[in-house]
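Whatever order the structure lists ligands and atoms in, that order sets their numbers, starting from 1.
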Amino acid sequence: MRLVLLGPPGAGKGTQAVILSEKLGVPHISTGDLFRANIGDGTPLGLEAKSYIDAGKLVPTDVTARMVKERLAEDDARDGFLLDGFPRTVEQAEILDGILTEAGVVLDGVVNFQVSEDVVVDRMLARGRADDNEETIRTRLQVYRNETAPLIEHYADRIITIPAEGTVEEINAATMAALGK
Ligand code: ADP
């Protein structure tokens with residue numbers, strides 16, 4: 001299965017992705033995780049991404065898209081993947097559409113985790129990641145509203161909306177059911 005996971009920062013996409021990846025047998029590809037691994041390893045890409053991430057801004061699309069394209073070309077992603085954190089803008093979605101068309105494959109679905117802003121702010125403050133202070137959280141929510149939320153319209157023909165304010169298990173069960181699994 002080829003899926004994109006959508007939702008505001010703090011929606012719990014990453015948590016759900018780990019469980020879904022196991023159950024569906026496809027790799028979890030998280031741009032946030034890929035950036036953090038690069039930052040941890042001190043790679044040039046990590047150095048470039050860090051200042052944007054620390055400010056809660058999007059890393060430039062050319063950098064991000066190149067990283068995703070390379071990851072999708074790896075063997076384990078040939079028959080399916082869960083993309084978490086990409087695309088985040090309509091421009092990135094168009095790039096992804098191009099990558100998939102070139103590979104002769106299609107997205108099976110776009111899972112949209114729906115959570116209110118109050119809940120996501122509480123969740124982010126609770127997890128306390130380095131980029132989770134109130135200022136960057138506010139910026140990231142604004143970026144989500146302006147740049148990422150329009151993807152729901154872009155993918156209108158394959159969107160699967162999951163109410164995502166329940167427990168981890170409830171949200172996973174709702175997602176599996178919606179995917180017909
Ligand atoms: P969250 O789900 O809380 O937004 P992520 O781990 O998905 O956290 O992303 C952390 C940061 O990495 C983002 O705030 C952004 O700076 C950067 N990032 C992740 N994905 C992308 C992307 N597709 N395009 C640009 N920047 C990205």
Peer 1: With the threshold set at 4.0 Å, does a side-chain nitrogen-carboxylate oxygen contact exist between Asp132 and Arg140?
Peer 2: yes
Peer 1: Among protein heavy atoms, which sits nearest to atom 26 (N) of ligand 1, and what does the distance come to when rounded to 0.1 Å?
Peer 2: Val59 N, 3.0 Å
Peer 1: Glu165 and Ser116: side-chain donor and acceptor closer than 3.5 Å?
Peer 2: yes
Peer 1: Could you identify the single nearest non-hydrogen protein atom to atom 4 (O) of ligand 1 and state the distance to 0.1 Å?
Peer 2: Arg88 NH2, 2.6 Å
Peer 1: Should you measure from each heavy atom of Gly85, which atoms of ligand 1 turn up under 4.0 Å away?
Peer 2: 20 (N), 21 (C), 22 (C), 23 (N)
Peer 1: Short list, please: which atoms of ligand 1 are under 4.0 Å from a heavy atom of Pro9?
Peer 2: 1 (P), 2 (O), 3 (O), 4 (O)
Peer 1: For Thr64, counting its heavy atoms only, list the atoms of ligand 1 lying under 4.0 Å from any of them.
Peer 2: 22 (C), 23 (N), 24 (N), 25 (C)
Peer 1: Taking only heavy atoms of Lys13, which atoms of ligand 1 are found under 4.0 Å from at least one of them?
Peer 2: 2 (O)
Peer 1: Which of the numbered atoms in ligand 1 are under 4.0 angstrom from any heavy atom belonging to Lys57?
Peer 2: 15 (C), 16 (O)
Peer 1: Under a 4.0 angstrom heavy-atom cut-off, which atoms of ligand 1 come close to Arg127?
Peer 2: 3 (O)
Peer 1: Answer with yes or no whether the side chains of Asn172 and Lys23 bring together a donor and an acceptor at under 3.5 Å.
Peer 2: yes
Peer 1: Taking only heavy atoms of Arg36, which atoms of ligand 1 are found under 4.0 Å from at least one of them?
Peer 2: 6 (O), 10 (C)
Peer 1: Could you pull out, from Gln92, Arg129, Glu91, the option with a heavy atom nearest to atom 10 (C) of ligand 1?
Peer 2: Arg129
Peer 1: I'd like to know if the side chain of Glu170 reaches the main chain of Gly166, judged simply by a donor and an acceptor atom lying under 3.5 Å from each other, with no hydrogens or angles considered.
Peer 2: no
Peer 1: Quick check on side-chain contact (heavy atoms from CB on, under 4.5 Å): which of Ser30, Pro27, Ser21 does Leu82 satisfy it with?
Peer 2: Ser21
Peer 1: For atom 20 (N) of ligand 1, tell me which residue out of Thr136, Leu34, Thr31, Ile95 has the closest non-hydrogen atom.
Peer 2: Thr31
Peer 1: Going by distance only, is there an N or O of Asp131 that falls short of 3.5 Å from an N or O of ligand 1?
Peer 2: no
Peer 1: Determine whether a donor-acceptor pair (N or O, by modelled atom type, separation under 3.5 Å) exists between the side chain of Asp41 and the backbone of Thr43.
Peer 2: no
Peer 1: Tell me the protein heavy atom at minimum distance from atom 18 (N) of ligand 1, and give that distance in Å.
Peer 2: Phe35 CE1, 3.6 Å
Peer 1: For atom 14 (O) of ligand 1, which candidate among Arg123, Arg140, Met124, Lys50 provides the closest heavy atom?
Peer 2: Arg140
Peer 1: Any side-chain heavy-atom pair from Ile137 and Asp131 closer than 4.5 angstrom?
Peer 2: no
Peer 1: Linking I/L/V/M/F/W/Y whenever any side-chain heavy atoms sit under 4.5 Å apart, do Val105 and Phe86 land together?
Peer 2: yes
Peer 1: Starting from atom 12 (O) of ligand 1, which protein heavy atom do you reach first, and at what distance in Å?
Peer 2: Ile53 CG1, 3.6 Å
Peer 1: Would you call Arg158 and Asp108 a salt bridge, taking side-chain N to carboxylate O under 4.0 Å as the test?
Peer 2: no
Peer 1: Do the charged groups of Asp33 and Arg71 touch, with an N to O distance under 4.0 Å?
Peer 2: no
